[in-house]
Structure formats: structure tokens, C-alpha cells
Amino acid sequence: MARRLPLSDNGPLTSFARDLRGVKDRTQGTVEMAVLRGASRTAVYAALNGTRLPSVQTLGAMIDAWIDGGETGRQWWLERRRETEESIAEAARLRGIATARRTPEEADFTQQLRDLWQECGSPSTEQAARHCNLSARTLDSYLGGRTLPTAERLGELFDGLSVLCEADEASLVSSARESLVGEALLRARAARKEERSKVRQLAKALPGGQPVPADTTHSNGFGVVAGVLQGQKFDSRQALAQAGVHRQLMAGIAGRQSLGAESVIVSDTYTGNDDYGDVIVYTGEGGLDPETGRLARDQQLTRGNAALATSAATGAPVRVIRRISTGPHSRLYQYAGLFKVEDYWSEQGSHGYRVWRFRLVQLATAEQGESGLSTPAPAVRQEAQHDDYRPRSASSVQRIVRSTATANLVKQMYDYTCQVCGIRIQGRTGGYAEAAHIRPLGSPHDGPDVLGNVLCLCPNHHVLFDQGMLIINDDLTVVARADSTVLGRLRETPDHQLDRQHLARHRVLHGLPE
């Protein structure tokens, strides 16, 4: 029996799916009949369930399989599809949602792609997916004009299509590759970008389309979430995602390497995290055995870990949510506010595997925006609350006071000249350089504020060194990690001997083997 999912609440789409199912039932058609005519099985189920409007190609395969009405019946359904698509788009516009219409350039590209597909024998998308690095659903989306491929993905599509074509058709694919990738796709993507820009401007003027004030929310997912206050509680990961506080249902870190981390969840039952209230030493993700849940390999500075590292570089705030155990089979989450990633490093744990650690420091109340105004009523079901719950108390953190005399002495030893590049910056009152501690001061690094632990660097190389993008070996060769270039040998005076143990510690902190 065919699977049946709940219908969408979208009126035009629901009506279209209901009529499509009626045709299938009256003619005793099956999903397999449409698949044999080149449709994606996933796309057919989505169309029948009302979760997605079928592409022109998918609809054509379904109609050809279930209706013997010739070209007239086929055209009627294609026109019905076009009207449904426009109705959905218009309804979205009235709600202030930026939904772009398909541009003529996009339609032209899609038509050229479909024509080429037909000339190659109209293979099923599932068959073509076996010969390229794309899924059948993605191919169906391209052929239906719902999405535009990148030039790289279109090339992969051509590679898969070439395998399925005959010798004479393969030359046709080769010639079409240049025109579609170099011309039609470029025009289509430019037109789509312009159309989306126009729609966003229109949506702002429509009812429901007014943007939330910039000081209470961030469209890119960072910072304060409008309406969510510090201390607010949520009874599930789904509730966090719906509120926009933490949009990942599984991962503990939400964000991207290119932009940074939006939010993290800190568990009070996970021994890898050290939570001191306003300071959290957070252990990164990855390396766990899916069966045992224990660390089974080294963590890598990728995915969520890389996103937190980016946040350390950009200074963008990170939302912190604490998971609070209220019972053996219940979970409660509390929004703790905005934190800043002050530092990060790698270390080898007692289990023998390397992990990445991040020092998160809570921002001052004035920097918390809306989330620091008051303590709200809990946003959880009544049965999820327990009288034995005690809010976590904040702890004060003693800041490390650096010895100005030590830093100044090192800079004077080198006449304010960078030990890496040899550049001396001349300021209004004399030379300018920065003192960089090789092994960071304070817990958990506990680096000493002594001459052997301090470098004299220019601002650029100070930043690179602190971020682990500049490595100093024991023989004092300096390596730029961005491209593995050896920059030369670190300058060192007879009166200033660096402690090699601190240099080794710096390398380990930034992911290099001991």
C-alpha cells in the first residue's frame, strides 16, 4: 500500500494534491508506473501527499502513466500546475514572505536542460543519479526548475548524462555543456538574484513583512532572539529550534565555519565541560563512537568546532543554552545569555584522544540586549517544572594581571622590532610592538609571565600567533600554517632565551602532535 502523509495546510497545494490522487485512484495507477516513465519516487510521493508541487517533468510522467488523454489532458494539468504555483506565490507575498517568481531566464535554462535530457532518451533521475555525485531528488529539482545548479554541479550532471548516452548523443552533451554552463546558467542565476532582491524590497512594504528592529534580533542567526529573555526555559530541543534559540535538533553547536557559531548547548551531565557560571570551558564536538557514546578518536577543528574558532576571531556573540537534568527521564533547557569565545585550544584528555576546548565568557548585562532585562515566566509545560530545581549560581572569575615590566623589557630588548618579520613600527612617541605570551596566562594553561614565555611581535604576527596560524619550532623556524611556508628563523637575542617547552605547548594547543 502506498504511504500517505498528512496534507499541507497550503490551500492551493492541498487541492492540487487531492485532485491528483483522485486521478490515480480512478485509473488504478501506481507510483511505480510513474517511476518507470522517469519520475523520482520521492517527488511522486511528495506531490501526492501535498508536501511539494511536482515539477513539470514529474507531473508529465504521472499524467502519462495514469491518463490516456493525449496531449490535451497533459496540457490541462500543466496549466493547472502553473495556476497553483502562482496562487502559492501570491499567498506568500500577502503574508510578507519574500517568494520570488521564476524569471524568463530561469525558464529558458530549465527548458534547454529538459530538451537535452529528452534528446538523451529521458532517463529516469534515479538511473542518472547512479552515475554522478547528485541525488535523484536534486536532479528532479533541476529539471523542474525549482532550483538552479552551480556550474560545478551542472558539470556533474553532464558527466552522469554522458555515461547514459549513446556515442552520437554524447557529442551533443559535450557541445551543450559549454552553452548551458557558460551562458544560459549565468544569465539565469543573475536574473534570480535580481528578482529576489526586488521581492525582498516588496515584502517589507506588505502586511506582515515589516522587519523586526535590528537591535533585538539578527537575520543571520547571531545574537539576541526577539522575545526570548535570559533565564527562559524550554522543555525540548524542538521548542528551542522553533523559538530560533538553537536551530540544531541533534548537534550541540549550531553555526558554520565561514560565519561562526550561533549557539551551543552545555550539558551539566557531560564531564567534558567545566561550567563556572559566567565562564564556561566547553569541549567541542566529534570523535564519539555512535554505539557507546564515548570518545573513540581525535576531535578535528571542523564543522561546529571550526565555527566556534571563527567566533573567537570575529568576536561575534554566541548564545549559550544549558541542559538541566530535572529527573532520570526528563530534560529542561535554559537560555543563559550571550557569551564571547575568548580562547580555544586542543589538549589530550585522560582517554588518550585529543579534544578541542573553548573558553566562553558571558557578556555584561548591558551587552545582552533584550535578554538581560528581566526574568521571564518559564516557557515550559507545567508538568515539566520541578520544585527541586535550583538555578545555577554565577561565580566571579579573577582576571590575570600581566606584568607590564616583563612585556616592556622584552620589547626594549628588540627595540620594538618584530621577531618574525623584522619590521619596526614607528609611532608618534616612538616604536610600537606587542608582547605575546607563548603559553597563555591563567587557567587552564597556567603560563608564567616571565621573559622565556614572551615574544616581541608586530600586531599582524601577534594575531596570527594567538590563532595558531603561526608556528615556531624548537629550532626557531617560523611556519605559516595557511600555506605551510617557512618564513625564516625567529630572531632571538643572547639575553632573551625562549623556553622550548612553552613553544611545544603552543603547538599542542593548536592541534599539532606533541
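Under the ring-ring contact (aromatic ring centres under 6.0 Å, His included) criterion, Trp345 pairs with His445, not counting sequence neighbours. Considering only residues two or more places apart in sequence or on other chains, Glu79 meets the salt bridge (charged side-chain N to carboxylate O under 4.0 Å, His left out) condition with Arg82.
Closest non-hydrogen pair, His461 versus Cys421, comes out as CE1-CB, 3.4 Å. Residue Ser55 comes nearest to Asp140 through the heavy atom pair OG-OD1, 3.6 Å, listed as atom of the first residue, atom of the second, then distance. Closest heavy-atom contact between Ile472 and Arg507: O-NH1, 2.7 Å. For Leu332 against Asp235, the heavy-atom pair with the smallest separation is CD1-CA, 4.4 Å. The shortest non-hydrogen separation linking Leu59 to Arg81 is CD2-CB, 3.7 Å. Listed here is the closest heavy atom pair of Phe234 and Leu240: CD1-CD2, 3.5 Å.
When the shell of 6.0 Å around CZ of Arg237 is examined, it contains more than 12 heavy atoms from other residues, nucleotides or ligands. Annotation for Arg481: atom CZ counts as buried by contact number, over 12 foreign heavy atoms lying within 6.0 Å.
With salt bridges taken as basic N to acidic carboxylate O contacts below 4.0 Å, one links Glu262 and Arg247. The residues Arg187 and Glu106 are annotated as not salt-bridged, no charged nitrogen and carboxylate oxygen being separated by less than 4.0 angstrom. Salt bridge Asp343/Arg357: absent, no basic N to carboxylate O contact under 4.0 Å.
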Any chance you could lay out the side chain to side chain contact (heavy atoms under 4.5 Å, CB included) test for Val224 and Leu338, step after step, and finish with the verdict? CA-CA 8 Å; Val224 177; Leu338 299 180; 3.7 Å; yes
Taking it one step at a time, do Arg192 and Glu105 satisfy salt bridge (charged side-chain N to carboxylate O under 4.0 Å, His left out)? CA-CA 8 Å; Arg192 168 171 285 195; Glu105 290 82 0; over 6 Å; no
The test is side chain to side chain contact (heavy atoms under 4.5 Å, CB included); show your working for Leu143 and Trp117 and say whether it passes. CA-CA 9 Å; Leu143 292 170; Trp117 199 268; 3.7 Å; yes
Verdict with reasoning, Asn473 to Val478, per side chain to side chain contact (heavy atoms under 4.5 Å, CB included): CA-CA 7 Å; Asn473 296 313; Val478 183; over 6 Å; no
Could you go through the ring pair (Phe, Tyr, Trp, His ring centres under 6.0 Å) check for His506 and Phe465 one step at a time? CA-CA 9 Å; His506 176 267; Phe465 184 77; 3.9 Å; yes
Stepwise, does the side chain to side chain contact (heavy atoms under 4.5 Å, CB included) test hold for Leu308 with Tyr282? CA-CA 10 Å; Leu308 280 172; Tyr282 182 83; 4.0 Å; yes
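Gln362 places a side-chain N or O within 3.5 Å of a backbone atom of Ala336 that can act as its donor or acceptor partner. Formation of a donor-acceptor pair under 3.5 Å by the Gln232 side chain with backbone atoms of Leu229 is found in this model. Not a single donor-acceptor pair under 3.5 Å links the side chain of Thr103 to the backbone N or O of Ala191. Listed for the Thr283 side chain is no donor-acceptor partner under 3.5 Å among the backbone atoms of Val355. A side-chain donor-acceptor contact under 3.5 Å links Gln299 to the backbone of Trp356. Using a distance-only test at 3.5 Å, with no hydrogens or angles considered, no donor-acceptor pair links the side chain of Asp108 to the main chain of Pro104. Side-chain atoms of His246 come within 3.5 Å of backbone N or O of Ala251 as a donor-acceptor pair. At least one donor-acceptor pair under 3.5 Å links the side chain of Arg319 to the backbone N or O of Gly223. Judged by distance alone, with hydrogens and angles left aside, the side-chain atoms of Thr485 form no donor-acceptor pair with the main-chain N or O of Ala480 at under 3.5 Å. Although no hydrogens or angles enter the test, the distance criterion places no donor-acceptor pair under 3.5 Å between the side chain of Gln348 and the main chain of Arg354.
Considering CD1 of Ile63 and CZ of Arg80, their distance stands at 10.5 Å, rounded to 0.5 Å. Atom OG of Ser263 sits about 4.5 Å away from atom CD1 of Ile321, to the nearest 0.5 Å. Once rounded to the nearest 0.5 Å, the distance linking SG of Cys132 with CG of Asp159 reads 8.0 Å. Between atom OG1 of residue Thr58 and atom CG of residue Leu53 there is a gap of 10.0 Å, rounded to the nearest 0.5 Å. Interatomic distance, OG1 of Thr110 versus CG of Leu148, reported as 6.5 Å (0.5 Å rounding). Taken to the nearest 0.5 Å, the OG atom of Ser311 stands 6.0 Å off from the CZ atom of Phe222.
Inspection of the Ser141 and Thr138 side chains reveals no N or O donor paired with an N or O acceptor under 3.5 Å.
In summary, of the residues considered (Thr302, Val264, Asn305), a side chain to side chain contact (heavy atoms under 4.5 Å, CB included) with Glu285 occurs for Asn305 alone.
The shortest distance between side-chain heavy atoms of Leu464 and Val420 does not fall below 4.5 Å.
Relative ring orientation between Phe16 and Trp77 is described as perpendicular, the plane-to-plane angle rising above 60° on a 0-90° scale split at 30° and 60°.
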